[in-house]
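Encoded as structure tokens, the structure appears first; notes follow it.
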Amino acid sequence: MIFDRHMLFTLVIGVAVVNGIFSPYLNIAVPITAVLMPEMFPRNPSWVLFFSSILVASATLLFAGVPAAILERLMDETPEATTPMWAWLALTVVLTLPALPNIAP
């Protein structure tokens, strides 16, 4: 099978990273990140944007992963089933749709 669980997980992570970099919600994440950022890093814009992108990508993984985890618990399949991973990928792509206009201006 071409798309096993590991390949789908890699695709989910890649889509979440794209959302973290190009998301229009970075405007909301920047002030939050400036407060939550560890003290060992300087508070210059490059570090704040870096941690903001990580925050948005992590939120994308979390918000798309919860319904996929519920689906996985409700389904009686083998542990190698890829249906919940496809659901996680689909939900991650849906959450990434607002970032698509920022990718290619």
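Note that the coordinates shown come from a computational prediction; the quantities given were computed from them, not determined experimentally.
- Judged as a side-chain hydrogen bond (donor to acceptor under 3.5 Å, both in side chains), and not counting sequence neighbours, T96 has no contacts.
- At distances below 3.5 Å, at least one donor-acceptor pair connects side-chain atoms of R43 with backbone N or O atoms of A34.
- Residues I21 and V56 form no side-chain contact, since every pair of their non-hydrogen atoms from C-beta on lies 4.5 Å or further apart.
- Looking only at distances, a side-chain donor or acceptor of N44 sits under 3.5 Å from a matching main-chain atom of W47.
- Applying the salt bridge (charged side-chain N to carboxylate O under 4.0 Å, His left out) criterion to R73, with sequence neighbours excluded, gives no partner residue.
- The hydrophobic cluster containing L100 also contains L89, counting ILVMFWY residues as joined when their side-chain heavy atoms lie under 4.5 angstrom apart, directly or transitively.
- Closest heavy-atom contact between N102 and F22: ND2-O, 2.8 Å.
- Within the 3.5 Å criterion, the main-chain N or O of A57 finds no donor-acceptor partner in the side chain of N19.
- In this structure, V48 is a member of the same hydrophobic cluster as I54, with clusters built from ILVMFWY side-chain heavy atoms closer than 4.5 Å.
- In this structure, the separation between CG on L55 and OG on S23 is 10.0 Å, given to the nearest 0.5 Å.
- Linking ILVMFWY residues whenever their side-chain heavy atoms come closer than 4.5 Å, directly or via other members, leaves L62 and L97 in distinct clusters.
- In the hydrophobic clustering of this structure, L36 groups with I28; members are Ile, Leu, Val, Met, Phe, Trp, Tyr whose side-chain heavy atoms approach within less than 4.5 Å, directly or through other members.
- Across all their heavy atoms, L26 and S53 have their closest contact at CD2-N, 3.9 Å.
- Ring to ring, F41 and F51 are close: their centroids are under 6.0 angstrom apart.
- Cluster annotation: I32 is not connected to V30 through the hydrophobic network of ILVMFWY side chains, with a link wherever side-chain heavy atoms come within less than 4.5 Å.
- For S52, the side-chain hydrogen bond (donor to acceptor under 3.5 Å, both in side chains) partners at least two apart in sequence or on another chain are T33.
- Separation of atoms CG (L71) and CG (L91) is listed at 9.0 Å; rounding is to 0.5 Å.
- In this pair, W88 and F9 present their aromatic rings tilted. The plane angle is within the 30 to 60° band.
- Using a distance-only test at 3.5 Å, with no hydrogens or angles considered, a donor-acceptor pair links the side chain of R5 to the main chain of A81.
- Side-chain contact between T82 and F3 is absent, with no heavy atoms from C-beta onward closer than 4.5 Å.
- Note that the CE atom of M85 and the OG1 atom of T10 stand 8.0 Å from one another [nearest 0.5 Å].
- Other residues, nucleotides and ligands contribute at most 12 non-hydrogen atoms within 6.0 Å of the OH atom of Y25.
- Proximity of T92 to L95: side-chain heavy atoms (C-beta onward) are nowhere separated by under 4.5 Å.
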